Amino acid sequence: MTTKLFSEVDKYISDLLAPEDEALRSVIKSLDDEGLPQYSVSANQGKFLQVMMMACGARRVLELGTLGGYSTIWLGRALPADGSVITIEVDEHHAAVAQRNIDRAGLSQKVSIRVGRAMDILKSMIAEEVVPFDLIFIDADKPPYTEYFEAALGLSRPGTIIICDNVIREGKVLDEHSTDERVMGVQRFNRMLAGNTKVTATILTTIGGKEYDGMAIAVVNPTGS
Ligand code: SAH
Ligand code: DHB
Ligand code: MG
């Protein structure tokens, strides 16, 4: 249900506040050239991730679902000099395309791609007791979003921001009889989020050049609250 007006307003905002440079434009082109899906966040959503990073002074960022590295580049560019992004991608071809794009953007020192299943890598980072992340962006496969979020909490501290993409799915979340496993995954996730007392959360709907959708934004509460 993307209308012309919503696309034009999205472009109006991105022309003002989130213009793409050559590195970002070439990621979008690389997806078509390499046969990857156009599932990247929009430019305005990339800028939104940067605003969230600046709001919490993010130095350590974790992303689930790299694709061609479009969101990763927005995240990487909002890091301080000593900051880093770890981005997890299961598909080796996607990871290879993303690595080239990240290199082209000059971010190879700050961004590391971990190739593997997100849940396996999350579990091993929890077992290793890695330093908590400041911001976590969940954007991989939708059926295990609930489990990804629970694992993300295990890699968080009070104040960590967790953002989850695609939790409205063109309003298909309203259909209680949906048999789409992606829709069912985010319906289950949204119900869990509503009852989760460890975080303060909301969902922002996103209308623009991409499909009508939404992002969940959660902040980890102080302990004992
Ligand atoms: N964050 C990207 C878009 C990610 S699209 C951007 O906005 O630019 C979702 C990605 O998640 C795809 O590349 C897909 O291969 C990856 N993915 C799917 N299942 C996964 C899993 N189990 N573990 C890690 N990545 C997964
Ligand atoms: C899909 C995944 C995404 O991360 C996205 O932003 C849009 C669509 C999908 O799997 O359909
Ligand atoms: Mg997404």
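Predicted model only: the values in this text are computed from it and were never measured. For ligands, and for the atoms within them, numbers begin at 1 and follow the listed sequence.
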Nitrogen or oxygen atoms of [X] and ligand 1 under 3.5 Å apart:
X: Ser71; value: yes
X: Phe137; value: no
X: His94; value: yes
X: Gly69; value: no

Legend entry - Partners meeting side-chain hydrogen bond (donor to acceptor under 3.5 Å, both in side chains) with Asn196 (sequence neighbours left out):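 Here no residue qualifies.
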Legend entry - Within-shell test, Glu63 vs ligand 1, heavy atom, strictly < 4.0 Å: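 Right, Glu63 reaches ligand 1.
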Legend entry - ligand 1 contacted by Gly116 (non-hydrogen, < 4.0 Å):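 Within the 4.0 Å threshold, so yes.
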Any idea which part of [X] is under 4.0 Å from ligand 1, heavy-atom wise: side chain, backbone, both or neither?
X: Tyr148; answer: side chain
X: Met119; answer: neither
X: Thr66; answer: backbone

Inset, instruction - Give the cluster check for Val90 versus Tyr39: same hydrophobic cluster or not, with ILVMFWY residues linked at side-chain heavy-atom distances below 4.5 Å. - result: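 Looking at the clustering, Tyr39 is in a separate group from Val90.
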How far is [atom] from the closest protein heavy atom, and which atom is that?
atom: atom 25 (N) of ligand 1; value: Val90 N, 3.3 Å
atom: atom 18 (C) of ligand 1; value: Asp141 N, 3.8 Å
atom: atom 13 (O) of ligand 1; value: Glu89 OE1, 2.6 Å
atom: atom 23 (N) of ligand 1; value: Ala118 N, 2.9 Å

Legend entry - Under-4.0 Å salt bridge between Lys11 and Glu8: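 Looking at Lys11 and Glu8, the cut-off is not met.
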Inset, instruction - Please indicate how many protein N/O/S atoms are found closer than 2.8 Å to the Mg ion (ligand 3), with waters neither displayed nor included. - result: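 Total protein N/O/S atoms under 2.8 Å from the Mg ion (ligand 3): 3.
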Inset, instruction - For the residue pair Val183 and Gln187, establish whether any side-chain heavy-atom pair is separated by less than 4.5 Å. - result: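 In short, these two side chains touch, coming nearer than 4.5 Å.
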Legend entry - salt bridge (charged side-chain N to carboxylate O under 4.0 Å, His left out) contacts touching residues 49-65 (sequence neighbours left out):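 Those involving residues 49-65 are Arg59-Asp82.
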With the criterion set at N/O pairs under 3.5 Å, what does the list of contacts between the protein and ligand 2 look like, atom names and distances included?
from, atom 1, to, atom 2, distance (Å)
ligand 2, 4 (O), Asp139, OD1, 2.8
ligand 2, 4 (O), Lys142, NZ, 3.1
ligand 2, 4 (O), Asn166, OD1, 2.8
ligand 2, 6 (O), Tyr39, O, 3.1
ligand 2, 6 (O), Asp165, OD2, 3.3
ligand 2, 6 (O), Asn166, OD1, 3.0
ligand 2, 6 (O), Asn166, ND2, 2.9
ligand 2, 11 (O), Tyr39, OH, 3.4
ligand 2, 11 (O), Arg169, NH2, 3.0
ligand 2, 11 (O), Arg182, NH1, 3.2

